[in-house]
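Contents: one structure, followed by commentary.
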Amino acid sequence: MEAKITQRIKQIYPQLGSSSQKIADYLLKEELPASMTLAEIAQACQVSLATVSRFARSLGFKNFSQLKWALLHQLTQNESTNERVTQADNSLKVAGKVLAANMTTLKETFALLNEVDLTQAVKLICSAERLAFFGLGGSNIVAEDAYHKFLRVPLTVLYSSEYHLALLQASRLTAKDCAILISHTGNNQDILLLAKVLRQNQVPAIVITSDPESPLVRLGTICFYSISGNLHFQSQAFISMTSQLALTDCLYLLTARSFGTAATVIYDHQQAIVDLRHHFKN
């Protein structure tokens, strides 16, 4: 467990109730499995779900997912230092390390998901008059990919790779719409300005970020945390977008399933249109 979290648990231990102390005892003795859910830790400690959530907040986390993120992030960081890409590695070994890091990223990102947030996010998306995607830098690529996917469902979707236009789009959204903001750090001033504009317009915002303590999280309606697997070669760090792409895939498929045949009709129609290009003769 991360040393700082251990210290915080020990510091507040005397002030905890008997139920919360059971959770503290468990975490101080056991390494939290990546797949363990809030319900499972509640069962293991024989406490209520509310007690687990309250325990996480007592440590300064917004919810159990944030506490779990901190523990998994520390584990990921420790593992990545042992999986550095070196000059001595052959091509196949480098490929193996890259793929292993991506698989770890996906497993740990999945471990942070919960049914309530997924269900609420899909409801916001499906009920929106317009759905807008925002991202900067590498996250801009993820936002565009998500926009491309969501064109296949019966929603009006918006996206612009140019920041000024994206800001103008954000200014036109209302409480009847929905926005998905993607940012690795959640600290970029430009994405924060977009989020603040959306907040002023009372637009529900779904945030995808790798840092649960970032300012962007505080501006989001629902937040999903994307674990980032790091591979280091000399002084350069490799940050994977795998988890961000996977989260937008999940939201798209859940949305398409919610729309049912309406999404299927749009998808089939779009495929027929795209297929026309193969039938034109020069």
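Computation of the quantities below employed the complete heavy-atom set of this structure, encompassing side-chain atoms and omitting hydrogens, waters and symmetry-equivalent molecules. The structure presented is a predicted model; accordingly, all values stated were derived computationally and were not measured.
- With sequence neighbours excluded, the residues satisfying salt bridge (charged side-chain N to carboxylate O under 4.0 Å, His left out) with Arg130 are Asp177.
- In this structure, Asn201 has no side-chain hydrogen bond (donor to acceptor under 3.5 Å, both in side chains) partners at least two apart in sequence or on a different chain.
- The backbone N or O of Ile273 lies less than 3.5 Å from no partner atom in the side chain of Arg277, so there is not a single donor-acceptor pair.
- Residue pairs meeting the ring pair (Phe, Tyr, Trp, His ring centres under 6.0 Å) criterion with at least one member in residues 256-275, sequence neighbours excluded, do not occur.
- Scored by the side-chain hydrogen bond (donor to acceptor under 3.5 Å, both in side chains) test, Asn188 finds no partners at all (sequence neighbours excluded).
- Contact record, Leu181 with Ala205: CD1-CB, 3.6 Å, taken as the closest heavy-atom pair.
- A distance of 4.0 Å separates CD1 of Ile125 from OG1 of Thr255, quoted to the nearest 0.5 Å.
- For the atom pair OG of Ser139 and CD of Gln244, the computed distance is 4.0 Å after rounding to the nearest 0.5 Å.
- A donor-acceptor contact shorter than 3.5 Å is absent between the side chain of Thr109 and the backbone of Leu106.
- In this structure, the salt bridge (charged side-chain N to carboxylate O under 4.0 Å, His left out) partners of Asp145, at least two apart in sequence or on a different chain, are Lys149.
- Criterion: ILVMFWY side-chain heavy atoms under 4.5 Å apart, direct or through other members. Under it, Leu49 and Val47 are part of a common hydrophobic cluster.
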Pair Tyr13-Asp25, side-chain contact (heavy atoms from CB on, under 4.5 Å): steps then yes or no: CA-CA 9 Å; Tyr13 190 90; Asp25 292 337; 2.9 Å; yes
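- Checked against side-chain hydrogen bond (donor to acceptor under 3.5 Å, both in side chains), Tyr147 has no partners two or more places apart in sequence or in another chain.
- Note on Ile182: it does not cluster hydrophobically with Leu158, by side-chain heavy-atom contacts below 4.5 Å among ILVMFWY residues.
- Note that OH of Tyr159 and NE2 of His148 are 12.5 Å apart. Values are rounded to the nearest 0.5 Å.
- Contact annotation: the side chain of Leu198 approaches that of Leu173 to within less than 4.5 Å [non-hydrogen atoms, C-beta and beyond].
- For the atom pair Ile23 CD1 and Phe64 CZ, the distance stands at 9.0 Å (nearest 0.5 Å).
- Atom NE2 of His164 is separated from atom CD of Gln169 by 11.0 Å, given to the nearest 0.5 angstrom.
- Counting all heavy atoms, side chain and backbone alike, Gly186 lies closest to Leu192 at O-CD2, 3.7 Å.
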Stepwise side-chain contact (heavy atoms from CB on, under 4.5 Å) test for Leu27 and Leu67: CA-CA 11 Å; Leu27 292 179; Leu67 171 58; 4.3 Å; yes
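- The environment of CD in Gln202 is sparse: at most 12 heavy-atom neighbours from other residues, nucleotides or ligands sit within 6.0 Å.
- Contact record, Phe134 with Ala166: CE2-O, 3.3 Å, taken as the closest heavy-atom pair.
- The heavy-atom pair separating Pro154 from Ala263 by the smallest distance is CD-CA, 4.0 Å.
- For residues 199-220, no residue pair satisfies the ring pair (Phe, Tyr, Trp, His ring centres under 6.0 Å) rule, not counting sequence neighbours.
- Hydrophobic clustering places Leu16 together with Val52 (ILVMFWY residues linked when any side-chain heavy atoms are closer than 4.5 Å, directly or through intermediates).
- In the hydrophobic clustering of this structure, Leu219 does not group with Ile208; members are Ile, Leu, Val, Met, Phe, Trp, Tyr whose side-chain heavy atoms approach within less than 4.5 Å, directly or through other members.
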Which pairs would a plain distance check flag for residues 54-61, meaning a side-chain donor or acceptor within less than 3.5 Å of a matching protein atom at least two apart in sequence or in another chain?
{"from": "Arg54", "atom 1": "NH2", "to": "Thr51", "atom 2": "OG1", "distance (Å)": "3.3"}
{"from": "Ser58", "atom 1": "OG", "to": "Phe55", "atom 2": "O", "distance (Å)": "2.5"}

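- In terms of heavy-atom proximity, Gly220 sits nearest to Val207 at CA-CG2, 3.7 Å.
- Checked against side-chain hydrogen bond (donor to acceptor under 3.5 Å, both in side chains), Tyr163 has no partners two or more places apart in sequence or in another chain.
- Side-chain contact between Ile266 and Gln270: present, with at least one pair of heavy atoms (C-beta onward) separated by less than 4.5 Å.
- Residues Leu113 and Leu247 form a side-chain contact, since some pair of their non-hydrogen atoms from C-beta on lies under 4.5 Å apart.
- Listed by first and then second residue, the side-chain hydrogen bond (donor to acceptor under 3.5 Å, both in side chains) pairs involving residues 218-227 are Gln66-Tyr225, Ser210-Ser226 (not counting sequence neighbours).
- Both Leu253 and Ile180 are assigned to one and the same hydrophobic cluster, defined by single-linkage of ILVMFWY side chains at heavy-atom distances under 4.5 Å.
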Residues Thr156, Leu131; criterion side-chain contact (heavy atoms from CB on, under 4.5 Å); working and verdict: CA-CA 6 Å; Thr156 298; Leu131 176 64; over 6 Å; no
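- Formation of a donor-acceptor pair under 3.5 Å by the Asp268 side chain with backbone atoms of Val265 is not found in this model.
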Thr209 vs His184, side-chain contact (heavy atoms from CB on, under 4.5 Å): CA-CA, chis, key distance, verdict: CA-CA 5 Å; Thr209 183; His184 170 59; over 6 Å; no
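- Annotation: side chain of Leu194 is in contact with side chain of Ile191 (closest heavy-atom distance under 4.5 Å).
- Judged as a side-chain contact (heavy atoms from CB on, under 4.5 Å), and not counting sequence neighbours, the contacts of Ala146 are Phe133, Thr248.
- For Ser214 (side chain) and Asp211 (main-chain N/O), a donor-acceptor pair under 3.5 Å exists by modelled atom type.
- Sorted by first then second residue, the side-chain hydrogen bond (donor to acceptor under 3.5 Å, both in side chains) pairs that include residues 114-124, not counting sequence neighbours, are Asn114-Asp117.
- Closest heavy-atom contact between Pro215 and Asn187: CD-OD1, 2.9 Å.
- Residue Thr105 holds its OG1 atom at 11.5 Å from CG of Leu245, rounded to the nearest 0.5 Å.
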